[in-house]
Enquirer: 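The structure that follows is given in the form of structure tokens.
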Amino acid sequence: MKRQNAYDRLSFKKKLMLFSLLFSLIPVLLLGSAASMLASHSIQSEVNGKHDIALRQIADQVDSVLKRMEYLSIQIAGDVTIEKSVRLGITMDQLDALEATLEMVETISKYRSYSDVLFQVYLVYQRYDLVYSNRLGLLKTNEFPYNGVLNAKAPQATGARIVSSNTYPGQDDLLIVRPIGPSGSDGTLVMEVDMSSLYALLTAINLGNNSRVLAVNTEGRIVLSQNEDEIGTPLPGTLSNKLRTAASPFTDTLTMEDESYHLSSLRSAFNDWSYLILTPSSSLTVKSQQIRNLTWLIAGSIAFIWALIALFASHRLYVPIQTLLKRLPMLQKPTANSLAELDQFMQHMMETNERLTDELKQKQPMLKEHLLLQLLRGDITEADFALQSKRYDIHLPGPIFIVCVFEIDQLLHFKKSYPDKDRSLMMYSLSKLICEMGESLAPCITANPKPGQVAMILSAPYSSEEFPKQAETACHTIRLQIKEFFSFSVTASISNPYCNYSNIQAAYEEALDLLQYRLLLGSDIMIAPDAGEKLIVVQQSTREMVKRQKKIVKLIAEGMTDEAIDEFNCMLQELPLAAPAAKSVIGIFTNLLAEIDHCMEQFGWDLSELLSMSAYSRIHDAKSLDEVKAWFLDEFFPAFRTRYEKLNVSQQTKIVQQVIAYIHEHAEQECSLQEASRLCQLSTSQLSRIFKEEMNHNFIDYVMDHRMSKAKEWLAHSNMPIKDIAERLQYTNTQNFSRAFKQCTGKSPGQFRELARSTDHKAAASTMSDAL
């Protein structure tokens with residue numbers, strides 16, 4: 001116990017000196033004695049043992065790589081995202097399949113990024129006769145480079161098949177073939193494993209004595225070698241037969257290419273590959289003689305030299321550690337164990353580095369988006385952007401640029417239709433669609449400067465007359481594709497070509513200025529740079545029109561409905577000057593509705609609750625200006641007048657209004673007559689009687705009608721699943737909701753959604769036809 005305490009009290013410097021002497025003198029002396037006696041008798045055993053260790057290490061390393069890749073193939077084939085994609089197929093026509101495809105691509109990218117071995121992934125969609133490759137993209141099955149291999153080595157439903165490299169013509173890499181899904185009938189995973197990592201394991205091994213390391217498959221073909229030219233060639237027939245019949249491990253002497261070799265072999269239990277080490281016998285004989293002659297000379301010299309070095313170096317080796325300790329900040333109070341302090345500091349640095357690396361990876365997309373926004377705002381120099389773009393892999397060579405801005409029409413309706421998480425996903429999908437279609441024309445990048453807006457920067461190597469025309473065509477095509485794949489439309493604007501990164505801000509501002517003409521030209525259009533020239537005549541009238549709209553909103557907010565009607569009539573008289581086209585008129589009225597809707601929202605009013613139908617739909621469905629005028633004067637303004645008049649109704653009406661507000665607020669929660677009675681401080685019978693007298697409906701029927709109205713709105717104007725609608729409206733299951741909805745409307749929820757969307761498309765087409 002005292003000896004242990006005395007050792008612990010030694011300083012690190014003294015411990016270093018002690019171990020330097022021990023580990024330098026004792027091993028050298030022992031090794032010299034043993035080598036002198038056993039050199040001539042044990043050289044062969046030493047070589048065999050060395051080869052056996054080397055072979056086991058090689059087998060363990062290669063098998064470890066192959067096992068990791070097989071385990072990775074199990075993870076990929078069993079991933080629910082991959083199974084879902086294989087089951088649904090790859091198509092742009094179905095949102096579920098599109099989402100599954102995007103998730104599948106991202107999942108494969110993650111698996112490839114996590115692996116330290118390079119590999120390619122092929123997903124065979126057997127139902128759809130398609131093959132997805134992370135390297136080649138989407139292929140037909142007959143275009144799949146390993147289609148013959150797949151047919152010859154079709155995997156069983158219970159596991160995978162490993163196909164060695166060079167088994168088939170043109171197959172340079174190892175293949176892992178595994179079924180996808182429980183049954184394995186939906187698809188097949190083919191992993192193409194790069195053999196360079198396995199080849200690197202062999203080339204890193206240097207056994208000396210001109211030894212060669214090989215790996216041979218069961219057919220007697222070389223699959224790995226330190227000499228790449230040997231890979232794929234067969235072994236001599238006698239050696240190949242011996243490998244198949246002999247027990248593993250075994251050693252032997254053979255003659256090959258007129259030279260005698262010492263052979264050591266080990267068969268892998270994982271894949272039945274045989275690992276060989278071939279050492280020329282002449283090298284072993286020379287080495288044995290050298291060991292006998294030089295062992296004692298070397299041992300004596302080393303012992304003497306290391307005795308001197310140990311004393312001198314133990315002191316010198318401690319100097320850098322001491323110097324380093326003085327320069328580094330310590331995490332705790334200094335101790336006698338200097339090495340422990342350094343280890344603690346390095347551990348802290350490694351943890352900090354890992355944490356910062358993870359944070360950087362998480363924030364990299366945000367940093368990339370921020371860089372693009374700086375470029376659009378002109379807050380970054382050309383030199384800084386060129387430097388930062390390499391860091392974030394932004395490919396925008398230039399020097400000619402065109403900026404296209406896509407903005408969602410009826411943004412307020414878009415925000416109401418989708419929650420925050422769904423809006424982010426929709427904007428991401430929108431940005432990806434625009435970028436992918438833009439890249440078919442020229443190098444491009446996209447950014448989201450503000451909610452509901454996507455900016456696309458197109459790049460060209462030189463200025464030409466065709467580039468702007470091609471950009472306009474591309475923007476028009478993108479806008480039509482967005483309308484086809486999404487439940488909303490966008491308005492696009494395109495700038496003139498600009499030169500150099502510093503002028504991208506000017507191009508972006510020009511596109512934003514053009515986007516303002518949507519008020520006059522209408523929505524769901526593409527605005528070219530010459531749009532401003534066509535509207536110069538009406539700019540002054542437009543300013544007056546905006547002033548009148550603001551005044552109308554102010555009068556409505558103050559409850560002065562009659563004055564608002566007079567101002568509206570004045571606006572109608574000036575409308576021909578400010579709106580030369582039918583779409584312009586729709587844009588002006590739509591903007592007026594949006595301003596009023598926003599104002600009423602501040603009072604807690606919902607525009608849809610004041611009117612019998614959607615105000616925006618009513619404007620877009622109108623066939624003439626007289627029809628729009630009649631709707632405003634006969635329905636829109638009277639609805640506000642009625643609302644203000646009802647503010648002064650009797651106490652009984654106020655109670656009913658309070659109950660209605662409670663119903664509207666709790667439509668997606670538990671809504672009961674008992675809770676409403678408690679809020680109004682009345683008995684349930686009193687409240688039921690008052691509600692029936694005022695509304696001509698009992699409480700339960702009104703709740704049912706209101707929930708059915710919410711369901712109709714969500715079915716017609718959103719992509720919310722029917723199951724989610726049922727849950728939000730407090731139905732226990734989808735069947736109960738569908739039964740109640742059909743009793744109320746005469747149609748199932750799915751039939752109602754199809755009919756509503758078909759009607760919307762026809763109305764939009766009719767409006768566009770009338771405008772043209």
Side-chain angles (χ1 to χ4, degrees), residues 407 409-413 415-416 450 452 491 512-523 527 531-532 535-622 624-648 771:
E407 190 165 279
D409 300 322
Q410 299 184 11
L411 182 59
L412 183 62
H413 178 71
K415 291 181 178 180
K416 290 182 178 180
K450 63 179 183 179
T491 296
L512 289 181
D513 291 340
L514 291 172
L515 204 61
Q516 302 302 318
Y517 291 127
R518 178 170 50 177
L519 175 65
L520 298 178
L521 300 178
S523 58
I527 306 176
L535 298 173
I536 293 177
V537 179
V538 299
Q539 285 182 351
Q540 186 62 35
S541 298
T542 302
R543 296 191 188 97
E544 296 298 327
M545 190 66 60
V546 172
K547 291 180 181 179
R548 289 198 180 278
Q549 288 181 354
K550 292 184 179 298
K551 189 173 181 181
I552 292 173
V553 174
K554 181 175 180 298
L555 292 171
I556 290 178
E558 294 174 354
M560 304 173 67
T561 309
D562 294 334
E563 290 79 357
I565 293 175
D566 294 338
E567 193 68 26
F568 178 77
N569 289 327
C570 295
M571 187 187 77
L572 291 177
Q573 296 177 0
E574 299 173 358
L575 194 60
L577 293 176
K583 285 191 175 182
S584 305
V585 175
I586 295 176
I588 290 175
F589 285 120
T590 301
N591 184 70
L592 176 60
L593 285 176
E595 293 288 342
I596 295 174
D597 194 3
H598 178 71
C599 179
M600 294 300 101
E601 188 178 353
Q602 310 303 317
F603 292 96
W605 294 1
D606 191 343
L607 191 60
S608 61
E609 296 178 0
L610 293 176
L611 304 170
S612 59
M613 63 177 296
S614 172
Y616 296 100
S617 300
R618 188 66 181 83
I619 293 298
H620 286 275
D621 293 343
S624 64
L625 179 60
D626 291 336
E627 186 176 340
V628 175
K629 176 182 177 181
W631 180 78
F632 266 96
L633 295 179
D634 298 340
E635 297 184 30
F636 187 79
F637 288 113
F640 281 97
R641 180 185 287 110
T642 302
R643 170 54 68 94
Y644 283 110
E645 290 174 353
K646 286 185 177 180
L647 293 177
N648 299 319

Enquirer: Can you say whether the rings of Phe568 and Phe637 are parallel (under 30°), tilted (30 to 60°) or perpendicular (over 60°)?
Expert: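 Taking Phe637 first and then Phe568, their aromatic rings stand perpendicular (interplane angle over 60°).
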Enquirer: If you round to the nearest 0.5 Å, how far is CG of Leu514 from OG1 of Thr491?
Expert: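 One gets 12.5 Å once the value is rounded to the nearest 0.5 Å.
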Enquirer: When rounded to the nearest 0.5 angstrom, what distance separates NZ in Lys550 from CD in Glu567?
Expert: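 If I round to the nearest 0.5 Å, the distance is 13.5 Å.
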Enquirer: Please report the interatomic distance CZ(Phe632) to CG(Asn569), rounded to the nearest 0.5 Å.
Expert: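 CG of Asn569 is found 12.0 Å from CZ of Phe632.
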Enquirer: Are any of the side-chain heavy atoms of Lys450 and Glu407 separated by less than 4.5 Å?
Expert: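 Contact flag for Lys450/Glu407 side chains = yes.
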Enquirer: Identify the heavy atoms of Met571 and Ile552 that sit nearest to each other, and give their distance.
Expert: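 Taking every non-hydrogen atom into account, SD-CD1, 4.2 Å.
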